[in-house]
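Every chain is numbered from 1 and lettered A, B, ... according to where its sequence line falls, protein lines coming before strand lines. Only heavy atoms go into these numbers, but all of them, side chains included; no hydrogens, no water, no symmetry mates.
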Number of protein chains: 2
Amino acid sequence: MKYKILEKPSCEDGYDLVQEALRKKTTILIFACCKVSYEGRALSELNWGERIIMIKPDGTFLIHQEKKVEPVNWQPPKSRTRSYIKNDNLFLESHRRTPKELLTVEIRKIQFINYANIEDFEELEQAGYEKDMGDMIMEKPHMIEEGFTPTAREYSVEHGFIDILGKDSDNNLMVLELKARKAGITAVKQLRRYLQDLENTDNDYLKECESQKKKIRGLLVAPSIMDDALELLENEGIEFVSIEPPRELKRDKKVTLDAF
Amino acid sequence: MKYKILEKPSCEDGYDLVQEALRKKTTILIFACCKVSYEGRALSELNWGERIIMIKPDGTFLIHQEKKVEPVNWQPPKSRTRSYIKNDNLFLESHRRTPKELLTVEIRKIQFINYANIEDFEELEQAGYEKDMGDMIMEKPHMIEEGFTPTAREYSVEHGFIDILGKDSDNNLMVLELKARKAGITAVKQLRRYLQDLENTDNDYLKECESQKKKIRGLLVAPSIMDDALELLENEGIEFVSIEPPRELKRDKKVTLDAF
DNA sequence: GACTCAATATCGCTC
DNA sequence: GAGCGATGTTGAGTC
């Protein structure tokens with residue numbers, strides 16, 4: 001059966017449906033008056049009120065109030081759900097091992113409850129992120145400037161990773177910090193710290209640069225930059241390169257490639 | 001009416017129910033075969049498949065697949081939902097102004113659809129966070145050590161805010177960095193940066209400290225600490241104080257206080 | 001499993 | 001509305 005719905009069932013009938021749904025590994029939706037308590041990484045209590053409960057076949061457990069994107073309480077995938085009747089109420093428990101977390105829902109009045117056998121074989125295709133930008137720049141380094149040659153990606157320094165490291169046509173070292181959205185002052189500070197890290201590092205290549213009087217150029221690469229960030233960047237002698245993150249889905253790309 | 005459910009309705013009937021639900025500002029749940037596209041801060045496409053759609057009266061729009069805690073696509077509160085019929089299919093659009101974002105769902109087969117008038121006047125009560133730790137330490141400073149006196153909270157320095165600033169019994173300056181969970185190396189680095197910031201700041205009190213040969217003590221306060229963080233901390237001459245975040249709900253506290 | 005980093009992060013708070 | 005920090009962040013990739 002694809003799905004089953006019970007309207008205003010007793011807690012006992014609700015319990016039977018939950019058991020059936022868990023056995024069949026289906027997705028459960030409940031609209032009910034409930035009370036919620038959580039203990040684990042933190043501690044929380046939510047008094048009686050109506051909410052929507054969703055339990056997914058992967059163990060995910062969500063409780064939504066009528067506001068906000070985020071669930072008021074939840075458990076992550078691989079949590080174990082069990083249910084029982086106590087004092088005529090329906091209890092749902094979701095348990096996680098590491099870290100030890102327990103979510104307990106006490107239901108006293110079910111408005112409706114259902115389970116659904118979801119058939120979905122598709123995955124989200126997306127674009128427009130920092131990684132896509134990095135991929136694009138590695139493929140087409142001339143987007144940064146003529147003669148730019150990337151030499152490393154995710155290059156580790158004291159305070160983090162430099163997104164892209166490379167050389168310009170004069171063999172100056174170039175340090176690229178990528179942002180997929182409008183760059184703020186934090187992005188400039190981050191890049192500044194990486195540049196300091198590089199200067200403090202004992203690195204043969206850098207020593208060679210120094211002996212040849214090569215510069216280290218810092219470049220912030222983003223679609224746009226905030227005013228205060230631009231000011232700090234100019235004071236620090238860092239350059240700004242405006243590049244939009246690629247807005248092309250892989251599927252579109254694949255289609256384009258297939259055409260040739 | 002508290003709620004309404006339609007099983008396997010036509011897209012036209014589904015459209016009517018959506019319109020009614022939007023007018024009544026209720027929460028909508030739909031289990032249907034749909035196709036989703038999003039364009040805004042990023043870009044995404046999700047091909048035909050069955051999902052659960054939730055639209056809340058605050059404008060929140062969620063699309064859940066059968067896995068994960070996070071929705072596969074969504075819009076935040078205050079988004080505007082509209083619906084229409086095109087090519088015999090039901091379209092749902094959720095639009096946001098700033099930043100400009102559009103989520104479009106095309107539904108070709110509805111398994112069930114309902115709206116629910118949720119009554120919920122409760123808010124989540126929680127404990128076990130960094131803020132609770134700070135409150136506790138401000139109330140009971142001797143938890144840090146005998147003679148500790150807090151002087152400021154959220155004290156602003158170049159790279160951020162010092163959680164708690166204070167003095168020990170010898171009038172040495174104490175800089176506390178709080179973490180509600182196991183402290184990692186980033187917490188130590190953060191504290192180290194704040195200490196550097198303080199030393200670089202032109203501050204009368206600090207000058208006075210210097211003239212009196214007072215020290216600046218950095219303290220990382222957390223329930224526990226990772227090995228590498230402990231190593232760095234010891235090298236930096238920073239102290240570690242183990243304190244568990246308070247696990248007491250405000251309601252419990254209130255009851256306790258009322259008892260006296 | 002632990003660690004690191006990005007995210008359409010979301011959310012609450014301050015300015 | 002922008003900016004900043006915390007989050008039971010989640011999720012993905014790497015080691």
Measure the distance from CE on A:Met133 to P on C:dA7 and round it to the nearest whole Å. 11 Å
If we take the C1' atom in both D:dT10 and D:dA6, what is their distance in whole Å? 14 Å
Whole-angstrom distance between D:dT9 and D:dG5, as gauged at atom C1': 13 Å
Close side-chain approach of B:Lys35 and B:Thr104, heavy atoms under 4.5 Å: no
ring centroid sep under 5.5 Å plus plane angle under 30, B:Phe161 with D:dG5: no
Distance between P atoms of C:dC11 and D:dG11 (Å, rounded): 15 Å
Quick note, salt bridge (charged side-chain N to carboxylate O under 4.0 Å, His left out) partners involving residues 58-70 of chain B, not counting sequence neighbours, are none
Map A:Tyr129 and A:Thr98 onto DNA chain C by nearest heavy atom, then report which one ends up closer to the 5' terminus. A:Thr98
Whole-Å P distance, C:dT4 and C:dT8: 22 Å
Out of C:dT8, C:dT10, C:dC3, which nucleotide sits closest to the side chain of B:Met226? C:dC3
Per nearest nucleotide of DNA chain C, the residue lying toward the 5' end, A:Asp163 or B:Pro77, is A:Asp163
Describe the nucleic acid contact of B:Glu101 in one word from base, sugar-phosphate, nothing, applying a heavy-atom distance below 4.0 Å. base
Round to a whole Å and report the spacing from CD of B:Glu130 to P of C:dC13. 15 Å
Specify the closest pair of heavy atoms between B:Lys179 and B:Met133, including all atoms of both residues, with the distance to one decimal. O-SD, 3.3 Å
Start at the 5' end of DNA chain D and walk down; is the nucleotide closest to B:Val69 or to A:Leu103 reached first? A:Leu103
Is any side-chain nitrogen or oxygen of B:Trp74 closer than 4.0 Å to OP1 or OP2 of C:dA9? no
Any salt bridge between A:Asp163 and A:Lys131, counting N to O under 4.0 Å? no
Atom-pair distance (NE2 on A:His95; C1' on D:dG8), nearest Å: 15 Å
Below 4.0 Å: OP1/OP2 of D:dA6 and any side-chain N or O of B:Arg181: no
Does a side-chain N or O of A:Lys68 approach OP1 or OP2 of C:dG12 to a distance below 4.0 Å, or not? yes
Separation of atom CG in B:Leu124 from atom C1' in C:dG12, rounded to whole Å: 14 Å
Nearest-Å distance, CZ (B:Arg153) to P (D:dG5)? 16 Å
If only side-chain N and O atoms of B:Arg41 are considered, is one of them under 4.0 Å from the OP1 or OP2 phosphate oxygen of C:dA9? yes
A:Asp132 CG to D:dA12 P, straight-line distance once rounded to whole Å: 15 Å
Nucleotide C:dC15, atom P - distance to CD of B:Glu154 in whole Å: 11 Å
Which nucleotide in the list C:dT8, D:dG8, C:dC11 gets nearest to the side chain of A:Glu70? C:dC11
Is the A:Tyr84 ring parallel, tilted or perpendicular to the A:Phe91 ring (thresholds 30°, 60°)? parallel
Length of the line joining A:Lys78:NZ and D:dT10:P, which is rounded to integer Å: 14 Å
Would you indicate, yes or no, if C:dT10 has its OP1 or OP2 atom less than 4.0 angstrom from a side-chain nitrogen or oxygen of B:Arg96? no
Does a sphere of radius 6.0 Å around CD in A:Glu154 hold more than 12 heavy atoms from other residues, nucleotides or ligands, not counting ones at 6.0 Å or beyond? yes
Need one value for A:Pro76: base, sugar-phosphate or nothing, where a base atom within 4.0 Å counts as base even if backbone is also close, heavy atoms only. base
Looking at D:dG8, does its base get a donor-acceptor pair with the side chain of A:Gln75 below 3.5 Å? yes
